[in-house]
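A short write-up of the structure that comes next.
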Amino acid sequence: MTKLQSILIRTIGEEGPLPIDRYMALCLSHPQFGYYMNRDPFGTEGDFTTSPEISQVFGELLGIWVAQAWQSLGSPRNFALVELGPGRGTLMADIVRVLIKLPDCAKAADIHFVEMSPTLREAQRQRVPNATWHSSTASLPAKPTILLANEFFDALPIRQFERKQGRVYERCIGVENAALNIGLVPSPRQLPLAGDGIYEDSSIRDAVATQLGDHLSKTGGYALVIDYGHLRTALGDTLQALKNHRHIAITEQPGEADITSHVDLESLARAFMAGGARIAGIQTQGEFLQRMGLEQRTLKLTSKATPQQRTDLLAASTRLAHPDQMGQLFKVMAISGPDNPVPYPFGAA
Ligand code: SAH
């Protein structure tokens, strides 16, 4: 039994079954035993891997995107370059390396990280020492903003409701025979979609997006949200737990496994707009990276590489952009302040 498991069983004994968002929040961010709080979960040794950890090309292309976005803002002398949930800091370190070639942009960039995990903050400090850290988006500075979030929103807690033969229940975590399990609790909620099935929503995701939308509407600027998810709100159970690159039940190793869900980009977009921002466009990750020059950049790197490095670089680019791998499931959504032009490569034919 994990330490968090006994805490959860006791809490459920006192409070009754926990809605999934409460359970997820405890599993991921319990101050002592939360999954992200005291570990570095990334890479082949860890539980999962992410685009910036797969290839430096990902961060380099995003660096070019940041430079172009900065130019679209009229090359301000000072702007906030923000990342939500920067993990190991790899993405921002790759971006900074690209921006050095554009000294005016590099000099203007004031780097801000939103990160809850003390362990990951330390890893980020190693790679990007001159950042400023925040616990929430609410304290970001009031100046033109370019914001990035790769696999951040999928980690924010969701609730799940289930309609069965016309009746609505909330899926909650309870205890049976001293073990955690998922059960159904009758719920007064009206679901916005018809039919039987599981409906997911996330008030915390919506709140963060609306607050950022409000921020962008006041400061001007851009946000790029990159995550796995669907373009339209739909029924379906997308909650997943990963341990050592394997799917396990979400109740199996609380605090020891990553728990995420697919992002409903339609409702996330609506939440950004509710704050006053505009949706500049949505592309698949494959389409976005190709338009940003994935192939050219990869070929350039392979020209100086050993045969093994060449094979690895090509495999990594395929993994990022191929529709059967991360190219289709992952989406890139660009959000802008109400008066900012559509940034490249959104709106590009
Ligand atoms: N963007 C990184 C890491 C993705 S994992 C990459 O692509 O490699 C999710 C990241 O979000 C971690 O850094 C985690 O600690 C952070 N995170 C998750 N929930 C958070 C929250 N509520 N507030 C701040 N950071 C959070």
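Counting convention: from 1, in listed order, for ligands and their atoms alike.
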CG of D154 to CG of L239: how many Å apart, nearest 0.5 Å? 11.0 Å

Quick one: CZ on R270 to CD1 on I279, what's the gap to the nearest 0.5 Å?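 Result: 11.0 Å between the selected atoms.
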
If you have a sec, work out which protein heavy atom is nearest [atom] and how many Å separate them, to one decimal?
atom	answer
atom 9 (C) of ligand 1	E151 O, 3.4 Å
atom 22 (N) of ligand 1	L156 CD2, 3.6 Å
atom 21 (C) of ligand 1	M116 SD, 3.6 Å
atom 6 (C) of ligand 1	T50 OG1, 3.3 Å
atom 3 (C) of ligand 1	G85 O, 3.3 Å

Taking 4.0 angstrom as the limit and counting only heavy atoms of G87, give me the atoms of ligand 1 inside it, by number and element.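 Listed by number with element, the hits are 2 (C), 3 (C), 13 (O).
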
Determine, considering heavy atoms only, which of N150, L120, T260, I54 sits nearest to atom 7 (O) of ligand 1. N150

Can you tell which of E115, H134, R121, R39 gets a heavy atom nearest to atom 14 (C) of ligand 1? E115

Check this for me - ligand 1, Q124, N or O atoms closer than 3.5 angstrom, yes or no? no

I'd like to know if the side chain of D264 and the backbone of E266 have a donor-acceptor N/O pair within less than 3.5 Å.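 Side chain of D264 to backbone of E266: a pair is present.
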
Identified side-chain contact (heavy atoms from CB on, under 4.5 Å) counterpart of Y228 within the set T260, V263, T238: T260

Heavy-atom contacts under 4.0 Å between P86 and ligand 1: side chain, backbone, both, or neither? backbone

Should the pair Y222 and W65 be assigned to parallel (<30°), tilted (30 to 60°) or perpendicular (>60°) ring geometry?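 Taking W65 first and then Y222, their aromatic rings stand perpendicular (interplane angle over 60°).
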
Going by distance alone, is a donor N or O of one side chain under 3.5 Å from an acceptor N or O of the other, for Q328 and D324?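 Note: Q328 and D324 side chains miss the donor-acceptor criterion.
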
Could you walk me through whether T306 and Q309 satisfy the side chain to side chain donor-acceptor pair (under 3.5 Å) test, starting with their C-alpha distance in whole Å, then the side-chain angles of each, then the deciding distance to 0.1 Å, before giving a yes or no? CA-CA 5 Å; T306 64; Q309 285 171 329; 3.3 Å; yes

